[in-house]
Every structure is written in C-alpha cells, then in structure tokens.
Asks: 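My questions will all concern the structure given below.
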Amino acid sequence: MQRSKTWIGAATAVVLLGGLLAGCSSGNKNGNNAQASQSAAPTASASASASASPTASADDKSPIKISWFVDQDYYKKNWDPVNNLLDKMITDDTGISIDFSSGTPEKLSALIASGDIPDVVTVDKGNPQRGVLEKSGLVSPLDELIQKYDPSFDVPKSMQDWFRNADGHFYGYASFFWAKEKFKEGDSIRSNQGLYARKDIMDQLGIKPEDFNTKEGMVAALRKVKDAKVQYNGFTVTPAYFESWVIGGFFGAPREDASGNLVDRERTPEMLEAYKFLNQLYKEGLMPEDSQTLDQDQLKEKVANGSVFAITNKNLDWSALYQKDPKALFVHVGPVVGDAGNKPYVDPVNASGWTLTMVNAKTKYPDRIIKLLDYLSTDEMSLNVNYGPKGAAWDFDENGKVKLSDEFNALNAEDPNKAKNKYGNGTLQWLINWTPIQRTAPVPVTADAIAKDENALFFAKLTYDMLPFESITPLGGTDEGGINAKVEENRKKWRAKMILAKSEADVEKYFNDEVDTEAKLGYQKLYDYQNKQFQDAKKALGLQFAWPANQK
Amino acid sequence: MERTLETSRLAVASGTKASGRRSRWKSQFALQSMVWPGLLFLLVFSYFPMYGILIAFKKYDLFLGIMDSPWAGLTYFREFVTDPNFLNVLRNTLAMNLLALLLSFPAPILFALLLNELTAGRFKRFVQTVSYVPHFVSWVIFGGLILTVLSPTNGVLNLLLVKLHFINEPINFMAKPELFWFIMVGAEMLKGIGWGAIIYIAAIAGVDPELHEAAKIDGAGRFQRMWYVTVPSIMGTIVIMLIFAVSSILNTGFEQIMVMQNPLNLDVSETIDTYVYKVGLQQMRYSYSTAVGLAKSVVALILLFGANYLSRKLSDNSLF
C-alpha cells in the first residue's frame with residue numbers, strides 16, 4: 001500500500017514533467033519553423049509555384065478556408081456566409097471563407113518571430129513590421145504572384161512603383177490608395193483638416209465665415225462667443241479646439257526650400273507664428289487648457305454634445321449633434337492667413353494609402369488568394385464592401401450615383417450594428433479604393449450632408465500633392481526609427497508647453513529649446529535620412545520640386 | 001498521505017544514519033520528485049531564456065537570429081545613459097517609487113492592523129472583500145474612473161469642491177504636473193491596499209494569542225497591544241516585503257502610467273518603462289529594450305542584496 005502510494009506520487013511528478021516538456025516541445029517546434037522559414041526565404045517563389053496544383057482551373061470555386069491577420073486591434077470580423085450578405089457574396093463568388101484574426105502590431109511581431117504567419121496579412125504601411133515582413137521572405141512578391149496566376153490583375157502603376165523595394169518587387173496591395181493615373185474628371189484628393197464653425201452660433205452672434213480670414217477677425221469672432229457665454233445643452237460653449245499643425249499649414253509653413261531640400265515644418269517661422277497665435281488664444285481663454293490633454297474620443301464627445309464652437313479636425317464627427325438638432329451644423333470658415341500672407345495649405349489624406357495586404361509565401365493557395373485580392377480590389381467591390389452588396393444594400397440611380405435601398409436605410413436607422421451584421425457594410429476595407437466611392441457618392445439630401453460635401457470640396461482646393469513627403473518615416477528597428485520616436489515624443493511635450501506658455505517670449509524660448517533638445521537626440525541623422533528619402537521619392541516621381549510654391 | 005509523510009520522515013532519519021546521500025535520496029524519492037517540476041519550470045522559463053540577454057549586446061536582426069546578429073557591444077547601454085531624457089526619466093521613476101515606499105507601503109500594514117481590531121466578523125469580512133475589488137479591475141478601467149472623477153468639466157471631485165466653495169474654478173488635476181506623482185501613488189494605493197493587506201492579515205492571524213493575553217493582564221491597552229505585540233510579531237513579514245519593494249524601485253507600473261499620461265504631464269510622468277516602450281519596443285528595437293531591461297535587472301539585484309544585507313545586520317530579518 002505504501003509502496004503504491006510512493007509510486008503514485010512519482011507518477012504524478014512524471015506526468016507534470018511530461019506536461020512541461022510537451023509545452024517546450026511545441027515551443028521548440030516554433031523555433032524550428034523560424035529557421036525553416038529562413039532557409040525557405042530565398043526559394044519562396046519556387047515553393048509557391050510548386051504548391052500551385054497544375055490542374056487548378058481558371059475559376060476554381062471549390063470551398064477553401066484561408067486565415068487573414070489584420071494589425072488593427074479594434075478590428076473584429078466573424079465570417080458568416082449564412083447571415084451576412086457581403087460574406088455570402090464573396091464566398092459564393094470565390095469559394096473562399098476567411099478566418100480573420102487581429103491584434104496590435106506587437107502581436108504581429110510575435111507572429112513574424114515565430115516564422116508562421118497567416119495566409120494573408122494586412123499591416124499598416126507606416127508600422128515597422130511592414131519593412132520587416134518585406135525583407136523576411138515570409139511574404140511573396142505580389143508582382144510574381146500576379147504574373148503567375150492572374151495576369152489580368154490591374155494594380156495601378158503608381159502603387160507598384162511607390163511600394164517597390166530595392167529588390168525590384170512590391171509586396172502589398174494598399175487600401176485607400178489614390179492612383180492619379182486612374183483619376184477621372186472631377187476626382188480629387190480630400191483632406192481631414194480644415195476650419196469649421198457652428199453655423200447656428202455664428203448666425204446668433206452675427207459672425208460671418210469671412211471673419212475667420214485674418215487672425216484679428218478670428219480672435220474677434222471667438223471673443224464674441226466667449227463674451228456672450230453661449231449656452232448649449234446646459235454647457236457653456238468653448239470657443240475653439242485647434243490643432244497647431246493645421247494652423248501652421250494655414251500660415252503656409254513650407255515643406256521644401258528653394259534648393260529642393262526637405263524642410264521640417266515644425267521648425268519654420270510660420271509654425272512659430274502658429275504657436276504664438278494659439279498661445280494668444282489660450283491666454284485670452286478662447287482655447288482651454290484641456291485642449292492639450294483631451295484625447296480624440298473625449299473631444300468627439302464634446303463636439304457631439306454641442307459644447308464646441310470651432311474645430312480644425314474633420315474627424316471629430318458632428319453627425320450625432322446634427323441628428324439631435326438640425327440647426328447645429330458645422331460649416332467651413334476662413335481659412336485664417338498668417339502675417340506673411342502665404343497661400344494656406346492643408347494636408348490631404350495620405351495618397352499612398354493606409355494598409356498593405358500581403359500574401360504568405362508558404363500559403364497553400366497562392367492562386368486563389370491572388371484572385372481574391374483582384375476580386376476585392378475592383379471598383380464595384382469597393383462599393384460593395386463600403387455599402388454592402390449591390391442590389392441588396394444599394395444600386396445606381398439614373399445619374400450613376402449610389403442610392404441606398406430602403407431596407408438598408410430602415411435597418412441602419414434602427415440599429416447600425418444590425419445593419420453591419422446583415423449587409424457587411426464597412427467591415428472589409430483592406431483592399432478598398434475610395435476613388436470610385438467618392439465619384440458615385442449619393443447626392444446629399446440632408447443639410448448636414450450638403451454642408452459636409454461643401455466643406456470637403458472647399459478644403460480639397462487647398463491640398464497639395466503630398467506623395468513625395470510620405471516616404472520620410474523611417475523604418476522600424478533602425479536607429480533613425482528610434483530617433484524619430486524620441487523626437488515625436490519630445491514634440492508632444494513642447495507643443496503643449498508652447499501653447500500654454502505664460503508669455504510670447506516663453507513661446508519663442510521653448511521653440512528654440514526644442515531645437516536644442518532634438519539636436520541631442522540625434523536629429524541631424526534623422527533629417528539626413530528623411531531628406532535622402534525625399535530626394536529619392538522625387539526622383540522616382542520625376543519631380544524637381546515637390547512643394548507647390550517651388551513648382552513653376 | 002499523512003502516513004507516507006511520516007514514514008518518509010522516518011526514512012530521512014535512518015537514511016542519514018546509514019551512509020550517504022544516495023540512500024537518503026532513494027528514501028525521499030517520492031518527496032524529491034515533487035520538486036522536479038518546479039525546478040524544471042524555473043530552468044525552462046527563467047534560466048534558459050536568459051541566453052536571450054545576448055541581444056542587448058548585439059545589433060539584433062530578427063532573421064539572422066540571436067547567434068548570428070553582429071555584435072554591438074555597449075552601444076545600446078550608452079544610448080540610454082546618454083539620452084538627454086535619461087535623467088528626467090530616472091528622476092520620475094525614482095520619485096514615484098520613493099513616494100510609494102513612503103505612502104503606499106505602510107498603508108496595507110495599517111489597514112491590516114485596523115481590520116484586525118474589528119470585532120464584528122461579518123463587517124470585517126465585508127470591508128475586506130470590498131477593499132479587494134479594485135485589484136481585479138484592470139488599470140485601463142480604473143485609470144478611466146480616476147480621470148472621470150478628476151475631470152474639470154463634470155468630475156465629481158471638482159463639482160464637490162466648487163459647490164462647497166473650497167475653490168471657485170474647477171481644477172484640471174491632470175494638467176498640473178506638480179500633482180501627478182501624488183495622483184499616481186494615490187491611485188495605486190487605492191487599488192492595491194486590500195490586496196496588499198492579505199499577507200499581513202495572514203501574518204497577524206499567526207500571532208500567538210497568549211502574547212495578547214499576557215499583555216492584557218499586564219494592563220496594555222488596545223493601541224499598546226497593537227504596537228508592542230502585533231507589530232513586532234509581523235516584523236519579519238514587513239521587512240521581507242520592504243526588501244522586495246526596495247529591489248523593484250526602478251519598476252513602475254506600466255499600464256497605469258500610460259493611461260494617465262498626457263502631453264502636459266509628460267515631464268513628470270515619463271518613466272523608464274514607458275519611455276523604453278515608446279522608443280524601443282514599439283519601434284521593434286529589441287536590442288535597445290533588452291539593454292535597458294538588463295541594466296534595470298542588475299540594479300535591482302544589487303539593491304536586493306544591499307537591502308537584504310542591511311536588514312540582516314540591523315534586524316536579523318532577511319530573505320537569505
């Protein structure tokens with residue numbers, strides 16, 4: 001009896017040990033995978049071709065399941081071809097079901113380190129993981145896949161060129177990419193920046209949009225709001241929440257000097273002027289202290305509550321406010337111009353897009369996946385992923401504009417989430433092209449939609465071609481990337497200090513201090529890198545000058 | 001089970017009397033085997049991964065692997081120490097920890113002592129349970145609650161202070177750098193007091209009641225008994241916790257600071273952990289992050305030994 005108990009004890013220990021070892025063995029396996037992937041890297045294209053079954057017909061629709069990782073933490077999608085019309089449409093058309101997973105960029109790093117990535121990976125083009133992936137051999141060059149399996153896949157040339165690596169290949173398809181060569185009459189790149197103010201309050205106090213054209217006029221208008229102590233919804237209305245970089249853009253802060261070198265906007269006299277101006281607003285109580293502490297969501301809430309008069313960020317969406325009060329509209333005003341009288345500019349949305357979608361070099365279905373990417377990136381599918389499937393959620397009206405179906409509108413008004421679950425609108429935008437959507441946008445009917453349309457067109461005129469400037473963000477893992485992170489972190493701090501400074505002299509002092517601190521952080525090395533990237537980009541685009549004031 | 005233990009204890013005695021470790025090991029086989037999983041666990045998850053520390057001295061490339069990455073020597077250590085923000089970051093880390101040592105280290109002890117004096121068992125348990133709850137709330141939520149309470153526009157605290165006419169204008173607490181350390185330490189105290197008290201409550205429960213009775217007979221009041229009986233009895237526990245606290249003086253919680261940070265308090269809120277996260281990990285600069293982590297661990301080890309040595313000399317209480 002005793003003996004058997006001893007052995008039971010020992011056996012338990014062995015089982016526990018076994019459990020531990022099992023844990024390690026799977027860990028080791030991952031390690032081996034990483035090694036395997038290293039050795040597989042040079043032969044990635046070879047293995048890709050080997051795995052393509054020669055018998056696969058041109059339109060193979062046999063049901064398969066692929067995995068797809070998106071490096072956006074918030075993103076969740078359960079593939080549901082039974083209830084979700086968009087998913088059903090895609091599965092019916094291609095035979096493919098997608099198993100989506102998502103997470104932070106750090107999670108993607110872990111996946112890369114394990115050497116075992118999902119069939120498809122979507123990564124923010126600005127994240128350090130992108131460069132690592134492209135160099136890792138874990139993803140296939142898209143150009144090779146296209147040539148082999150889907151020669152008719154028409155990827156815009158500007159996108160190919162923009163994302164082409166030194167090895168001559170490009171590895172990802174970009175979402176929200178604005179390909180100039182595909183533009184038609186009337187297409188334009190829009191901006192998320194601008195200057196907007198509440199129309200109802202302007203009317204109430206006799207403020208006109210032109211008042212915002214000068215610094216003095218703008219201050220006077222904001223003062224009126226403050227002095228009138230406007231109440232809305234029980235809140236005292238705050239005159240302004242402005243972002244320094246937008247104001248600097250209005251003052252004409254240049255990004256390139258006369259000899260074609262990159263200029264860091266943050267260090268221009270125009271930017272100093274912007275900080276002084278915002279500091280003046282702060283000192284007069286026109287822009288509150290919490291403008292520097294609130295995050296975007298908190299600001300959004302304030303705007304939606306109606307307690308803000310003027311803003312510079314279009315993304316602080318005011319739709320919720322309008323739905324409660326049809327008079328509470330934000331309309332475009334100004335824009336304010338600086339002392340030098342420079343032409344004002346706003347940054348357009350990134351022409352080079354948002355995310356890149358790449359294909360695992362070891363996937364079993366390279367042929368099917370590349371065709372799926374082709375399918376999802378067509379103009380019509382861009383509309384379908386944005387609104388839900390054509391026919392069910394929308395259709396073209398007689399003018400070729402999108403008209404949403406009554407069923408969709410009804411369900412969307414009842415519960416937007418229910419509509420999303422049924423129509424899949426806005427749930428799969430990783431290969432979307434916004435140009436066809438903008439081109440066919442429904443004719444605005446509500447006052448809010450009309451105002452937004454006017455706002456967008458107004459500020460689209462103030463944009464410039466930002467593409468050459470979009471390549472200056474250093475790659476992750478590099479020394480320049482580290483310096484850039486430090487400089488950015490530092491700037492957050494100094495920005496707040498300058499805007500909330502006690503006097504104008506302090507603003508100037510901080511402005512110079514910032515330059516000194518950055519020099520110690522290794523700024524010169526970062527600038528040299530960025531300027532080189534900028535010159536290379538201009539060369540690739542065939543430009544001598546990139547800043548509109550320099551272009552003849 | 002009881003019988004097994006007993007017999008093996010007997011076996012220990014006889015084993016040592018006979019000759020050598022071998023037979024002792026044999027007779028303790030069942031007991032010894034229980035240690036193996038623990039040892040193996042330590043080996044596999046704590047000691048084996050230490051070879052990864054190598055990347056602190058290399059220019060680590062994910063695809064070359066740890067061994068084949070080129071050497072970088074002390075580059076990354078130098079980068080951190082010569083960083084213009086280094087002193088600032090170090091100051092914040094130390095300041096918040098020293099403040100915590102001063103304020104939130106004694107708090108759970110005091111709480112445990114007071115709780116122990118409660119006579120109503122039901123009420124005592126209730127208070128204890130309530131005090132645990134914040135520990136189980138994640139920092140993102142807890143930090144959000146604190147921010148909401150302190151908000152200048154609709155925060156409870158400001159409303160209260162204004163209505164009671166203590167202040168005329170709401171205070172934007174999170175925009176006042178001079179308050180940040182106190183808010184942070186206060187929030188941590190609030191969240192950790194109940195949880196931290198558990199170990200002291202357990203220690204107090206182990207105090208021999210005869211000591212209390214003897215003190216009572218000698219005419220000691222409640223406070224005297226608390227001070228002269230309970231506190232000395234749990235001194236060993238307190239000292240050990242203090243040694244741990246001292247050795248982790250370079251660590252600050254990470255999430256709580258990230259949640260409460262904003263550009264206005266960055267000067268006082270950036271700590272080693274958050275800074276390295278931003279300029280190291282987020283940028284996939286693993287060598288740099290490891291170098292800082294290693295430097296921190298070495299300092300922690302020195303502090304641990306130092307504190308342990310001092311406490312052994314001064315109070316006869318020590319970890320080892």
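Quick caveat: nothing in here was measured; it's all calculated off a predicted structure. Below, read A as the first sequence line, B as the second, and so on, with proteins coming before strands; counting in each chain starts at 1.
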Asks: Find out whether Leu108(A) and Met284(B) are in side-chain contact, i.e. whether some heavy atom of one side chain is under 4.5 Å from a heavy atom of the other.
Replies: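 In short, these two side chains do not touch, never coming nearer than 4.5 Å.
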
Asks: For Glu178(B), look at atom CD and say whether over 12 heavy atoms of other residues, nucleotides or ligands are found less than 6.0 Å away.
Replies: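 Counting other residues, nucleotides and ligands, CD of Glu178(B) exceeds 12 neighbours.
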
Asks: As an exercise, state the distance from CG of Leu294(A) to CE of Met174(B), rounded to the nearest 0.5 Å.
Replies: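 Answer for the CG-CE pair, Leu294(A) versus Met174(B), is 12.0 Å.
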
Asks: Between Lys520(A) and Asp83(B), is there a side-chain heavy-atom distance shorter than 4.5 Å?
Replies: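 Result no, sub-4.5 Å side-chain heavy-atom pair not found.
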
Asks: May I ask you to check whether over 12 heavy atoms, not counting those of Asp516(A), lie within 6.0 Å of atom CG?
Replies: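 For Asp516(A), atom CG is crowded (more than 12 foreign heavy atoms under 6.0 Å).
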
Asks: In terms of heavy-atom proximity below 4.5 Å to chain B, should Gln298(A) be classed as side chain, backbone, both, or neither?
Replies: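 Neither the backbone nor the side chain of Gln298(A) comes within 4.5 Å of chain B.
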
Asks: List the steps and the verdict of side chain to side chain contact (heavy atoms under 4.5 Å, CB included) for Glu489(A) and Thr274(B).
Replies: CA-CA 11 Å; Glu489(A) 201 49 35; Thr274(B) 57; over 6 Å; no

Asks: Output yes when Lys486(A) and Glu79(B) qualify as a salt bridge under the 4.0 Å nitrogen-oxygen rule, no when they do not.
Replies: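 Salt bridge between Lys486(A) and Glu79(B), a charged N being under 4.0 Å from a carboxylate O: yes.
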
Asks: For the candidates Ala496(A), Pro105(A), Gly481(A), Pro128(A), which exhibits the highest count of non-hydrogen atom pairs separated by less than 4.5 Å from chain B?
Replies: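 If we count pairs closer than 4.5 Å to chain B, Pro128(A) comes out on top.
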
Asks: Which region of Leu500(A), side chain (C-beta onward) or backbone (N, CA, C, O), has a non-hydrogen atom less than 4.5 Å from a non-hydrogen atom of chain B, or is it both or neither?
Replies: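 Contact with chain B is through the side chain of Leu500(A) alone.
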
Asks: Using non-hydrogen atoms only, which part of Tyr60(B) is less than 4.5 Å away from chain A: side chain, backbone, both, or neither?
Replies: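 It is neither, since no heavy atom gets under 4.5 Å.
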
Asks: What part of Asn85(B) gets within 4.5 angstrom of chain A, counting heavy atoms only: side chain, backbone, both, or neither?
Replies: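 For Asn85(B), side-chain heavy atoms alone lie under 4.5 Å from chain A.
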
Asks: With a 4.5 Å cut-off on heavy-atom pairs, point out which of Asn265(B), Thr82(B), Asn262(B) contacts chain A the most.
Replies: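 Between Asn265(B), Thr82(B), Asn262(B), the count favours Asn262(B).
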
Asks: Which heavy atom of Pro84(B) sits nearest to which heavy atom of Thr517(A), and what is that distance?
Replies: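 Of all heavy-atom pairs spanning Pro84(B) and Thr517(A), the closest is CG-O, 4.4 Å.
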
Asks: Mind running side chain to side chain contact (heavy atoms under 4.5 Å, CB included) on Glu289(A) and Asn172(B) for me, showing each step along the way?
Replies: CA-CA 8 Å; Glu289(A) 189 182 40; Asn172(B) 190 359; 3.6 Å; yes

Asks: Hey, what do you get for NZ (Lys278(B)) to NZ (Lys492(A)), rounding to the nearest 0.5 Å?
Replies: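 Rounded to the nearest 0.5 Å, the NZ-NZ separation comes to 5.5 Å.
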
Asks: Would you mind checking which part of Asn490(A) comes under 4.5 Å of any heavy atom in chain B, side chain (CB onward), backbone (N, CA, C, O), both or neither?
Replies: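 Just its side chain gets close to chain B.
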
Asks: Please look at Phe86(B) and chain A and tell me whether the side chain, the backbone, both or neither of the residue comes under 4.5 angstrom of a heavy atom of that chain.
Replies: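 It is neither, since no heavy atom gets under 4.5 Å.
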
Asks: Side chain, backbone, both or neither: which part of Glu106(A) has a heavy atom under 4.5 Å from chain B?
Replies: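 Contact with chain B involves the side chain of Glu106(A) alone.
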
Asks: Pick one of side chain, backbone, both or neither for Gln261(B), based on which atoms fall under 4.5 Å of a heavy atom in chain A.
Replies: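 Looking at Gln261(B), nothing touches chain A.
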
Asks: So for atom CD, which belongs to Glu488(A), do other residues, nucleotides or ligands contribute more than 12 heavy atoms lying within a distance under 6.0 Å?
Replies: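 Atom CD in Glu488(A) is packed in, count exceeds 12.
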
Asks: With a cut-off of 6.0 Å (strictly less than), are more than 12 heavy atoms of other residues, nucleotides or ligands near CZ of Phe182(B)?
Replies: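 Counting neighbours around CZ of Phe182(B), 12 or fewer heavy atoms of other residues, nucleotides or ligands fall under 6.0 Å, so no.
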
Asks: Between Gln129(A), Lys493(A), Gln292(A), who has the most heavy-atom pairs with chain B when the cutoff is under 4.5 Å?
Replies: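 Sorted descending by pairs with chain B, the first entry is Lys493(A).
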
Asks: Quick one: which of Ile483(A), Thr236(A), Val132(A), Thr104(A) has the most heavy-atom pairs under 4.5 Å with chain B, could you say?
Replies: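 Among the listed options, the one with the most contacts to chain B is Val132(A).
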
Asks: Do you know which two heavy atoms are closest between Ala485(A) and Gln283(B), and how far apart they sit?
Replies: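 Here Ala485(A) and Gln283(B) meet closest at CB-CG, 3.7 Å.
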
Asks: Does any backbone or side-chain atom of Asp267(B) lie under 4.5 Å from a heavy atom of chain A? Answer side chain, backbone, both or neither.
Replies: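 Both the backbone and the side chain of Asp267(B) come within 4.5 Å of chain A.
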
